[in-house]
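Here's the structure we're looking at; comments come further down.
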Amino acid sequence: MRWDAPALLAGPPGPRPRIERTSVTRVHGALTCYEVQARSALERTADGWAISPYRGCAQACRYCAVRRAHRYLGLDAGAGFDSQIVVRTNIARRLRADLAARWDGEPISVGAAGDCYQGAEDIYRLMPGVVSALREAGAPFTVHTKSTLILRDADLLAASPGAGAVVSIAFVDDRIRRTVEPGAPSAQKRLELVAELNERGVPCGVAMAPILPLLTDSPDQLAATVRRAADAGAVSLTPHVLRLPPGAREWYLSWLGDHHPALAARYGELYGRGPEADPGYVRGITGQVLQLAARYGMSPTRPEQPLPLALPSHRQLTLI
């Protein structure tokens with residue numbers, strides 16, 4: 001672990017984020033990292049267990065559904081989520097303890113509250129310890145990422161019998177990606193990542209997450225994305241339509257108003273009842289993608305839970 005960044009002894013003028021009371025704050029270029037000691041590593045979700053070495057994500061995806069969690073820590077769910085990263089430096093040690101004491105054998109998802117291979121991982125190198133702990137326990141787990149940094153640990157993942165990966169590729173239009181996913185690799189790089197992971201023995205599927213209504217949901221766009229995922233050798237494909245829970249809703253709709261103001265009224269209709277899009281719209285888009293996946297010979301998976309994974313309860317989130 002690198003410790004060459006200076007610790008900040010005092011925050012900027014004004015109210016200090018609550019997270020600063022229990023963390024060491026370091027600045028790494030454009031990132032402010034809050035180094036904390038996790039009390040627990042495994043977190044219960046609606047469909048199993050989750051591990052989050054980092055909270056916040058420098059990939060800065062405008063739609064990220066877990067932005068709201070930053071508010072519980074006294075941080076901003078908008079630009080703060082993109083640049084203020086909570087780093088759980090003892091995550092591997094706590095994970096070993098949790099696996100021994102609490103784990104019930106259910107699958108584990110890694111990277112629920114921030115991409116576990118985002119840029120901060122190049123500094124802190126937490127994932128080799130996490131993967132090793134999971135492998136030693138014989139736990140089935142899936143790493144969710146958009147980052148090519150996962151290739152650094154490909155051999156370790158391939159040596160873990162229960163390991164798999166899912167790369168998020170919701171669309172292949174790079175013009176949209178540059179504004180709505182400004183810190184993420186291009187779709188082409190992610191497709192190459194899927195191919196290389198599978199070639200190196202890490203089963204890798206694709207999450208079409210999230211499909212953006214009226215922007216990336218035309219039949220031609222859906223077909224192009226599914227076809228290219230199949231060409232890359234994805235072992236499975238799961239579609240997820242955009243969700244807009246609080247935190248993500250304000251940040252995404254602000255982007256939409258700046259870049260696609262003519263769509264604002266239609267989004268109001270689609271998301272007028274809450275975080276989920278109109279059920280009929282979701283069924284239609286999901287059905288199209290599942291049919292395309294079957295046509296191209298992939299294993300289509302009907303989503304039971306939205307991606308990113310549903311976060312634990314507020315009470316659990318306070319346990320840094």
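We use all heavy atoms of the structure for the numbers below, so side chains are in, but hydrogens, waters and symmetry mates are not.
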*Ignoring hydrogens and angles, tell me if any N or O in the side chain of Asp217 forms a donor-acceptor pair with the backbone of Leu222 under 3.5 Å.*
no
*Would you call Cys116 and Val143 a side-chain contact if the rule is heavy atoms closer than 4.5 Å?*
yes
*Can you check side-chain contact (heavy atoms from CB on, under 4.5 Å) on Ile150 and Met127, steps first, answer last?*
CA-CA 9 Å; Ile150 190 177; Met127 281 300 294; over 6 Å; no
*Given the rule in the ring pair (Phe, Tyr, Trp, His ring centres under 6.0 Å) test, do Tyr117 and His144 qualify, once you have shown the distances and angles that lead to the verdict?*
CA-CA 9 Å; Tyr117 282 103; His144 296 266; over 10 Å; no
*Decide, yes or no, whether a salt bridge links Glu181 with Arg62 under the criterion of side-chain N to carboxylate O below 4.0 Å.*
no
*Do Thr22 and Tyr34 have side-chain heavy atoms sitting under 4.5 Å apart?*
no
*Which is it for His240 and Thr238 under the side-chain contact (heavy atoms from CB on, under 4.5 Å) test, yes or no, and what are the steps along the way?*
CA-CA 7 Å; His240 296 272; Thr238 308; 3.2 Å; yes
*Steps toward side-chain hydrogen bond (donor to acceptor under 3.5 Å, both in side chains) verdict (Asp174, Ser186)*: CA-CA 6 Å; Asp174 208 47; Ser186 68; 4.9 Å; no
*asked:* Would you say Leu244 ends up clustered with Trp251 if hydrophobic residues are merged whenever their side chains have heavy atoms under 4.5 Å apart, either directly or through other cluster members?
replied: no
*Working to the nearest 0.5 Å, report the span between CG of Leu242 and OH of Tyr63.*
9.0 Å
*CD1 of Ile176 to CZ of Phe171: how many Å apart, nearest 0.5 Å?*
6.0 Å
*What's the shortest heavy-atom distance between Val241 and Pro213, and which atoms?*
CG1-CG, 4.4 Å
*Would a distance-only check, ignoring hydrogens and angles, find a side-chain to backbone donor-acceptor pair under 3.5 Å from Arg190 to Pro185?*
yes
*asked:* Going by salt bridge (Lys or Arg N to Asp or Glu O under 4.0 Å), name the pairs with one or both residues in residues 248-266, residues two or more places apart or in two chains.
replied: Arg71-Glu250, Arg266-Glu269
*Nearest heavy atoms of Ala158 and Val202, plus distance in Å*: N-CG2, 3.8 Å
*So, for Ala137 and Trp103, which heavy atoms are closest and what is the spacing to 0.1 Å?*
O-CZ3, 3.8 Å
*Are the side chains of Ser132 and Leu156 in touch, meaning some heavy atoms are under 4.5 Å apart?*
yes
_Option from Cys64, Pro182, Ser147 for which side chain to side chain contact (heavy atoms under 4.5 Å, CB included) with Gln59 holds_ = Ser147
*Would you say the side chain of Tyr124 lies within less than 4.5 Å of the side chain of Pro53, judging by non-hydrogen atoms?*
no
*If you look at every heavy atom in Ala184 and Lys146, which pair is closest and at what distance?*
CB-CD, 3.9 Å
*Sub-3.5 Å donor-acceptor pair from the side chain of Glu35 to the main-chain atoms of Val87, do we have one?*
no
*Give a yes or no on whether a salt bridge exists between Glu106 and Arg44, defined as a side-chain N under 4.0 angstrom from a carboxylate O.*
yes
_Hydrophobic cluster identity match, Met298 and Leu197, side-chain contacts under 4.5 Å_ = yes
_Check: Arg102 and Ser40 side chains under 4.5 Å, non-hydrogen atoms_ = yes
_Backbone N/O of Ala113 and side chain of Ser52: donor-acceptor pair under 3.5 Å_ = yes
_Applying salt bridge (Lys or Arg N to Asp or Glu O under 4.0 Å) to Arg26 and Glu20, what does each step give before you reach the verdict?_
CA-CA 11 Å; Arg26 300 182 191 272; Glu20 288 189 0; over 6 Å; no
*Does the side-chain contact (heavy atoms from CB on, under 4.5 Å) test come out yes or no for Ile169 and Val194, once each step is laid out?*
CA-CA 10 Å; Ile169 309 171; Val194 172; 4.1 Å; yes
*asked:* side-chain contact (heavy atoms from CB on, under 4.5 Å) for Arg55 and Leu73? Distances and angles first, verdict last.
replied: CA-CA 10 Å; Arg55 297 200 190 283; Leu73 306 174; 4.2 Å; yes
*Parallel, tilted or perpendicular: ring planes of Tyr252 versus Trp255, cut at 30 and 60 degrees*: tilted
*Interatomic distance, Leu151 atom CG to Glu192 atom CD [nearest 0.5 angstrom]*: 10.5 Å
*Partners meeting side chain to side chain donor-acceptor pair (under 3.5 Å) with Arg135 (sequence neighbours left out)*: none
*Could I get the full list of salt bridge (Lys or Arg N to Asp or Glu O under 4.0 Å) partners for Asp76, not counting sequence neighbours?*
none
*Side-chain donor-acceptor pair under 3.5 Å between Asp220 and Ser218, yes or no?*
no
*asked:* Between Asp82 and Cys57, is there a side-chain heavy-atom distance shorter than 4.5 Å?
replied: no
*When you measure from the side chain of Asp122 to the backbone N and O of Gly119, does any donor-acceptor pair fall under 3.5 Å?*
no
_Flag, side chain of Arg67 to backbone of Gly78, donor-acceptor distance under 3.5 Å_ = yes
*Any salt bridge between Arg177 and Asp173, counting N to O under 4.0 Å?*
no
*Is the backbone N or O of Gly233 less than 3.5 Å from a side-chain atom of Asn198, with the two atoms forming a donor-acceptor pair by type?*
yes
*Measuring from Asp231:CG to Leu191:CG, what's the distance to the nearest 0.5 Å?*
9.0 Å
*How many angstroms lie between atom CG of Asn90 and atom CD of Gln37, to the nearest 0.5 angstrom?*
4.0 Å
*Determine whether Val66 and Phe81 make a side-chain contact, defined as any pair of heavy atoms from C-beta on separated by less than 4.5 Å.*
yes
*Is there side-chain contact between Tyr54 and Val86, with heavy atoms separated by less than 4.5 Å?*
no
*asked:* Could you check whether any side-chain N or O of Asp98 sits under 3.5 Å from a backbone N or O of Leu42, counting only pairs where one atom can act as donor and the other as acceptor?
replied: yes
*Distance-only, no hydrogens or angles: does the Ser160 side chain make a donor-acceptor pair with backbone N or O of Ala163 under 3.5 Å?*
no
*Look only at the side chain of Arg18 and the backbone of Tyr72, and say whether a donor-acceptor pair between them is shorter than 3.5 Å.*
yes
*Work out which heavy atom in Val206 is nearest to a heavy atom in Val166; give both atom names and the distance.*
C-CG1, 4.1 Å
*Test salt bridge (Lys or Arg N to Asp or Glu O under 4.0 Å) on Arg200 and Glu196 and set out the steps.*
CA-CA 6 Å; Arg200 294 179 64 175; Glu196 185 164 355; 3.5 Å; yes
_Leu99 to Ala133 - nearest heavy-atom pair and separation_ = CD1-O, 3.6 Å
*Could you tell me whether Arg88 and Glu121 have a side-chain N and a carboxylate O separated by less than 4.0 Å?*
no
*How far does OG1 of Thr286 sit from CD of Gln291, to the nearest 0.5 angstrom?*
11.0 Å
